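For clarity, every value in this text was computed on a predicted model and none was experimentally measured. Quick note on labels: first sequence line is chain A, next is B, and so on, each numbered from 1.
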Amino acid sequence: MSTVRTRFAPSPTGYMHIGGMRTALFNWLWARHNGGKFILRIDDTDRERNVEEALGPILNAFRWLGLDWDEGPEVGGDFGPYFQSERNDLYTEAIEKLLAEGKAYRCYEKPEVIKADREQADKEKRPYINIRRSLELSEEEIKALEDAGANHVIRLLVPRDQKIEINDSVRGHVEWDCSLITDPVIMRTNGTPLYNFATVIDDAQMQISHVIRAEEHLSNTPVQVLVYQALGYDQPIFAHIPYVAAPGSKEKLSKRKLDKYKKNPKFKKMFEKAEQVFPLIGLDGVEGLDPVMVEYYEKIGYLPVAVLNSLSRLGWSLDDKTEIMSLETVKENFTLDRVVKNPAGLDPDKLFSFQSHWMNELSPEAKLEGCLPYLVKARIVGDPISDQQKDLLEKIIEALGDRIKLFSDILDSRLFFQDDITYDEKAFKKRVAKNGVPELLKEFHNKLASLEDWTVEKLEEELKQFSEEKEKSPGLLIHSLRVCTTGQPVGPGVYDCLVLVGKEKTLERIDSSLLRIESA
RNA sequence: GGCCCCAUCGUCUAGUCAGGCCUAGGACACCGGACUUUCGCUCCGAUAACGGGGGUUCGAAUCCCCCUGGGGUCACCA
């Protein structure tokens with residue numbers, strides 16, 4: 001069998017859609033699984049904007065996830081150019097050929113006429129098929145039109161008596177009746193090709209063996225197959241994978257529905273996390289940093305392996321039980337026949353649980369490396385970080401253990417680096433400002449003041465002993481102390497908290513907490 | 001509306017092509033419990049699905065038909 005060659009052809013839009021990323025991933029997986037090639041081709045036809053700038057985030061997303069490409073921007077290849085805007089000769093050549101063979105024709109129909117035809121068809125409740133008036137034109141009439149400066153487009157002449165069939169690797173046999181297909185425009189008045197035409201020329205010339213793309217392209221397929229046939233090209237194998245849907249729905253995930261997603265109970269948390277984290281690290285209001293885009297996950301501190309794991313399981317499964325998979329595992333086992341047919345909703349909860357798993361696999365050093373940039377960007381530590389701060393950070397990360405799910409979670413521990421803390425009022429009321437607790441704290445404060453060994457073991461021993469003497473539940477002090485010294489109801493174990501805060505500040509903060517209650 | 005696709009727990013899915021091994025398995029979420037006299041973690045447990053109707057068959061989640069529902073797409077966008 002010949003080499004497997006797959007491609008992903010993004011438009012340089014300035015961001016990378018998570019659903020598009022999943023499509024790219026499946027292409028990458030299939031190529032890699034077969035020892036084939038994965039190609040990146042840039043769909044930059046009629047785009048005015050700065051392509052380089054708009055392409056950056058897309059290539060970054062690939063790099064971040066570790067999906068490499070064998071041919072395309074930056075790496076070149078034997079089938080270039082890899083930017084559609086530079087491939088115009090190829091398209092023109094193909095058009096000339098079709099025209100010469102009578103498989104395509106110049107259509108002089110005015111848009112108004114076409115619109116009227118369509119309305120007429122609607123009115124009569126029959127499907128609209130274009131009327132081939134231009135085919136009836138005599139040479140003189142055409143010349144007259146040309147002389148009068150009439151515009152034309154090029155349409156493919158659809159053989160209306162045929163059927164188009166494909167054997168889709170995911171969907172199986174699908175067919176269309178050509179008598180229902182309007183002659184598609186393949187070249188605009190201005191001489192630029194249309195997607196359905198250009199993509200076929202490109203795929204054929206680049207010898208793409210498998211066209212793996214989202215299901216929304218299924219309805220484009222018959223037109224493309226017609227182009228393959230007209231040009232005498234071999235058809236690739238098509239695989240229409242389901243699109244990625246919004247959480248808990250069957251609707252295609254779309255960047256245009258962000259406002260709706262913010263109210264989606266499953267999606268909500270992700271937006272909230274963004275609101276909490278991004279302002280702290282100077283990314284407030286930056287566009288494209290929402291959970292529809294890959295960049296969000298990078299910037300908020302997800303692990304590539306977790307995102308990849310999650311994306312792989314969206315519309316594909318290895319077997320009846322395997323959930324946790326590295327890219328390597330997925331690559332080894334990925335086949336098209338195990339791709340599911342129905343659309344899969346992105347599941348933030350499940351992604352989070354994958355993240356949680358992979359984060360726990362990380363060494364303390366790797367965690368530190370991932371967390372550090374957040375503290376630096378939020379100006380909580382110096383740049384570069386001082387040895388003393390780094391030492392403290394190491395201890396914090398150790399104490400936090402598996403409480404760190406996202407790298408940005410480290411920001412919740414910023415109080416250990418700061419002199420002033422903010423109290424979670426609700427927690428303060430619940431755990432500190434309640435009957436008996438202030439008195440208990442006051443006494444325990446004295447006890448702590450005389451404590452020489454400020455260690456986790458010693459503190460635990462002391463607290464338990466004290467509670468026993470007072471015949472109180474240790475939980476009372478445990479909870480109140482955490483809130484007093486960190487301001488938060490969650491965080492490392494209390495004894496760790498006390499050690500991290502240090503004796504001096506611990507005593508200080510107990511004092512000021514007691515003052516807070518009195519003055520309230 | 002035309003064309004096309006899809007249909008198993010709340011969600012992601014296994015099982016469907018080769019009908020019995022399925023009183024439908026796993027994971028996430030949720031709920032309960034154990035541990036830690038601590039938020040978290042971990043561990044146990046519970047709840048929870050074959051959209052409906054007809055066939056075919058000894059036997060149907062699985063094959064066929066119809067219905068219903070959901071979705072995609074209908075550009076001189078990609």
Quiz item: Between A/F352 and A/Y302, how do the two ring planes meet: parallel, tilted or perpendicular, split at 30° and 60°?
Solution: perpendicular
In whole angstroms, how far is the [atom2] atom of [N] from the [atom1] atom of [X]?
X      : N      : atom1 : atom2 : answer
A/Y495 : B/rU36 : OH    : C1'   : 10 Å
A/F197 : B/rC76 : CZ    : P     : 16 Å
A/E216 : B/rU73 : CD    : C1'   : 9 Å
A/K125 : B/rG1  : NZ    : P     : 10 Å

Practice problem: Decide, yes or no, whether a salt bridge links A/E112 with A/K110 under the criterion of side-chain N to carboxylate O below 4.0 Å. | Solution: no
Practice problem: List the atom of A/I241, the atom of A/I212, and the distance in Å for their closest heavy-atom pair. | Solution: CG2-CG2, 3.9 Å
Quiz item: Considering every strand shown, what is the Watson-Crick or G-U wobble mate of B/rU73 when both distances are under 3.5 Å?
Solution: B/rG2
Exercise. Report the residue (A/P474 or A/I114) whose heavy-atom-nearest nucleotide on RNA chain B is the more 5′ of the two.
Key: A/P474
Quiz item: If only side-chain N and O atoms of A/S219 are considered, is one of them under 4.0 Å from the OP1 or OP2 phosphate oxygen of B/rC74?
Solution: no
Quiz item: OP1 or OP2 of B/rG69 less than 4.0 angstrom from a side-chain nitrogen or oxygen of A/K250, does that happen here?
Solution: no
Quick check for you: among [options], whose closest atom lies nearest to any side-chain atom of [X]?
X      : options                : answer
A/N220 : B/rA7, B/rC5, B/rA78   : B/rA78
A/S11  : B/rC12, B/rG71, B/rA78 : B/rA78
A/V494 : B/rC41, B/rC76, B/rU38 : B/rU38
A/E251 : B/rG72, B/rC76, B/rC6  : B/rG72
A/D347 : B/rU11, B/rG71, B/rA14 : B/rU11

Practice problem: Report yes if the ring of A/H240 lies under 5.5 Å from the six-membered base ring of B/rG72 with planes under 30°, and no otherwise. | Solution: no
Exercise. Taking atom NZ of A/K405 as the centre, report whether more than 12 heavy atoms of other residues, nucleotides or ligands fall under 6.0 Å from it.
Key: yes
